[in-house]
Amino acid sequence: MPKTSMQWKSPNGEEYTFNFDLRKHDEASSVTIAQGTIHSCSVSSSIPAVKVDEANDSTRANDEDSGTSSSSSSSSGTRKKTKTEVGYLSGYIIKRNNKNFHHDGDIVCQELHEFTVSLYDSSGRTCRVKNSNSEFEKIKAASGAMFLLEKIEINHSLKGMDMGIHFIHEFLNHVKADVGVCVMDPSTLSQHILRYSPKWNENFIGKNEQDTYDTERKNIVNLRRQFYRMGFRVVKEGPQYCDKWFLSLDKYKSMSMSMSMSGNQNPKASWLSKEEVKNIDTIPMKARKHINTGNDEMLKEVLQGLFEEEPSFGASASATATASSQQVSPLVLTMQNGIGMAMSGSKLTKEKKDHIKRLIQDGASLEGINAIHMAAANYKQSDLFDFLIGECHMSLNNNNDRDETGNLPLHVAAICSNAEAVKVLLARGARKKAKNEDGLTPLQVMEKHHQSIGDFMQMMVMGGSLAGSASDQIKNLLR
């Protein structure tokens, strides 16, 4: 497909040129490299050079005849049109229903490989994402190729003009005869790109790590709202797919046709307005990451002090295997005293509670350090859970209650064979059928973990079994 250029006029009347270029990848035969640029158009006049005396005589004559200053006088010259690059996009179009679908995706780049392998089978024909967004599953290979929108950046000075989504819209119109679906990862679209804003990082000077992260996260949410306006949606609900977005070009083509039939060529006629998208609270995003501070570390030390007890050999082996095979949160496994050990009595005194409250007032975060998960792994008395859930209002079942490995507190208690914690959490409202990020219930995670531990023991020629009264008790509680 040859290079293509088209004119676009902004809402305030400024003219821009959209340029699109498609070329075959040198090594991956089923992949086409897509690139686009935006140029602003400006016109300037140049005055031909004249002798100084002639210029002065001409100026004086003009002043006498017109009564105006020399700066406003007119003279013959040439008009020069200049173009300045103010935006660009890049991506890859890969044919579906071809035997090299996975192979070529792997050759091109890691991101294309990730999308090809996670979404479709090795030929690109069959959708691998089961129980996904029904619209995504309906996009057949016969509809056309998959386009990965890899990068897009617009000069920050043009913010508010919706130029980015207009640019994407026109590109999709350009390739819609051959492309059936557009996919992207909104979190990486503008990552580490400062082509037009080289001093952009100066906005974060003086901000701490958490403030910088929160500012970047806010920008990413706003970017996702823009794509949501166009009709982009997640491939499947859930944390695993919150960074995999798609737009069906079958729908997009019909939208364009209906606009053409109605005589309205403005693509915004089919988009949500900025006001409408602001009212949507559930823009898919990964859970907010907490950046630990000194107060957070002190809070962890206070909680760890409640778990003091020498571990048995079995507990240490369990912890080691958990770390290697189950990937339980490091906060759970870096305790001083092993997992799920018997306690001699409650250590949560009033002084400890007051200390925890002071640290929270000073900025420490119970959610940020996964305090309820730490307790679920290590603590066997109800008082700490009552304090965290009742007085500190920590929750147990929301998606945001998962730790960095995707587990809810009840999953952690089950993995760590902490029967007392399982009882308390169930009594405080934890749902036994709640699923972690991998779609597993606490009972399923526990059984998978025990299988991994058994395999680990066999590999180390340790023998033994994890079956016992605590495990059997937990299984009965979670059934």
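Residue numbers count from 1 along this sequence.
For the pair Arg428 and Asp386, the tightest heavy-atom approach, listed with the atom from each and the gap, is NE-OD1, 2.6 Å. In this structure, Leu408 and Ala434 approach most closely via the heavy-atom pair CD1-CB, 3.7 Å. Closest heavy-atom contact between Ile369 and Met374: O-SD, 3.6 Å. Taking each heavy atom of Gly164 and Ile152 in turn, the nearest pair found is O-CD1, 3.8 Å. Of all non-hydrogen atoms in Ala376 and Leu425, the two that sit nearest each other are CB-CD1, 4.1 Å. For the pair Cys182 and Leu149, the tightest heavy-atom approach, listed with the atom from each and the gap, is SG-CB, 4.3 Å.
Asp104 and Ser30 share a side-chain donor-acceptor pair at under 3.5 Å. Counted by atom type alone, Gln361 and Arg358 present zero donor-acceptor pairs between their side chains at under 3.5 Å. Side-chain atoms of Asn173 and His169 include a donor-acceptor pair closer than 3.5 Å.
With contacts defined as side-chain heavy-atom distances shorter than 4.5 Å, the pair Leu478/Val422 qualifies. The shortest side-chain heavy-atom distance between Thr32 and Val175 does not fall under the 4.5 Å cut-off. The shortest side-chain heavy-atom distance between Pro409 and Leu396 falls under the 4.5 Å cut-off. For the pair Val445/Thr441, no side-chain contact is recorded, criterion being any heavy-atom separation below 4.5 Å from C-beta on. With a 4.5 Å cut-off on side-chain heavy atoms, Lys151 and Tyr88 count as touching. By the 4.5 Å heavy-atom criterion applied to side chains, Phe101 and Tyr120 are counted as neighbours. A 4.5 Å side-chain heavy-atom check between Leu112 and Glu150 finds every atom pair outside the cut-off. Residues Lys435 and Leu440 form no side-chain contact, since every pair of their non-hydrogen atoms from C-beta on lies 4.5 Å or further apart.
Here CE of Met230 is found 5.0 Å from CH2 of Trp271. Values are rounded to the nearest 0.5 Å. Put simply, OG on Ser248 and CD1 on Ile139 are 4.0 Å apart, with the number rounded to the nearest 0.5 Å. Interatomic distance, Asn436 CG to Arg402 CZ, rounded to the nearest 0.5 Å: 6.5 Å. With values rounded to the nearest 0.5 angstrom, Asp383 atom CG is found 14.0 Å from Lys380 atom NZ. Taken to the nearest 0.5 Å, the OG atom of Ser382 stands 14.0 Å off from the CZ atom of Phe387. Distance check: His449 NE2 to Ser417 OG gives 6.0 Å after rounding to the nearest 0.5 Å.
Side chain of Asp438 to main chain of Gly406: no donor-acceptor pair is present (N/O by atom type, distance under 3.5 Å, no hydrogens or angles). Between the side chain of Asn295 and the main chain of Asp362, a donor-acceptor pair closer than 3.5 Å is present. With hydrogens and angles ignored, the 3.5 Å screen pairs no side-chain donor or acceptor of Arg96 with any backbone N or O of Ala142. Panel note: side chain His411, backbone Gln444; no donor-acceptor pair is recorded below 3.5 Å. Formation of a donor-acceptor pair under 3.5 Å by the Asn407 side chain with backbone atoms of Asp403 is not found in this model. A distance-only check finds a donor-acceptor pair linking the side chain of Asp296 to the backbone of Ser365 [under 3.5 Å]. Asp121 places a side-chain N or O within 3.5 Å of a backbone atom of Arg125 that can act as its donor or acceptor partner. Within the 3.5 Å criterion, the main-chain N or O of Ala414 finds no donor-acceptor partner in the side chain of Asn418. Within the 3.5 Å criterion, the main-chain N or O of Tyr228 finds a donor-acceptor partner in the side chain of Arg233. Counting only distance, with no hydrogens or angles, the side chain of Asn370 and the backbone of His373 share no donor-acceptor pair below 3.5 Å.
Counting non-hydrogen atoms of other residues, nucleotides and ligands closer than 6.0 Å to NZ of Lys278 gives a total of 12 or fewer. At most 12 non-hydrogen atoms from other residues, nucleotides or ligands lie less than 6.0 angstrom from NE2 of His103.
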- Query: Going through the checks in order, is the side chain to side chain contact (heavy atoms under 4.5 Å, CB included) test met by His113 and Val117?
  - Reply: CA-CA 6 Å; His113 170 72; Val117 171; 3.4 Å; yes
- Test Arg229 against Ile165 for side chain to side chain contact (heavy atoms under 4.5 Å, CB included), laying out the working first. CA-CA 9 Å; Arg229 290 177 60 195; Ile165 56 177; 3.9 Å; yes
- Determine, stepwise, if the pair Lys218 / Val221 fulfils side chain to side chain contact (heavy atoms under 4.5 Å, CB included). CA-CA 5 Å; Lys218 181 180 178 181; Val221 170; 5.7 Å; no
- Task: Report the C-alpha distance between Ile220 and Asn222 in whole Å, list the side-chain angles of each, state the deciding distance to 0.1 Å, and finish with yes or no for side chain to side chain contact (heavy atoms under 4.5 Å, CB included).
- Result: CA-CA 5 Å; Ile220 291 173; Asn222 290 336; over 6 Å; no
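Between Lys95 and Asp178 there is no salt bridge, since no side-chain N of the basic residue sits under 4.0 Å from a carboxylate O of the acidic one. Salt-bridge check for Glu114 with Lys244: passed, with a basic side-chain N closer than 4.0 Å to an acidic carboxylate O. By the 4.0 Å N-to-carboxylate-O rule, Lys353 lies close enough to Glu391 to be salt-bridged with it.
Using cut-offs of 30° and 60° for the angle between ring planes, the Phe167 and Phe20 rings count as parallel.
Annotation: salt bridge (Lys or Arg N to Asp or Glu O under 4.0 Å) contacts of Lys350 (sequence neighbours excluded): Asp354. A search for salt bridge (Lys or Arg N to Asp or Glu O under 4.0 Å) contacts involving Arg225 returns nothing, not counting sequence neighbours. Remark: Glu297 pairs with Lys300 by the salt bridge (Lys or Arg N to Asp or Glu O under 4.0 Å) rule, at least two apart or across chains.
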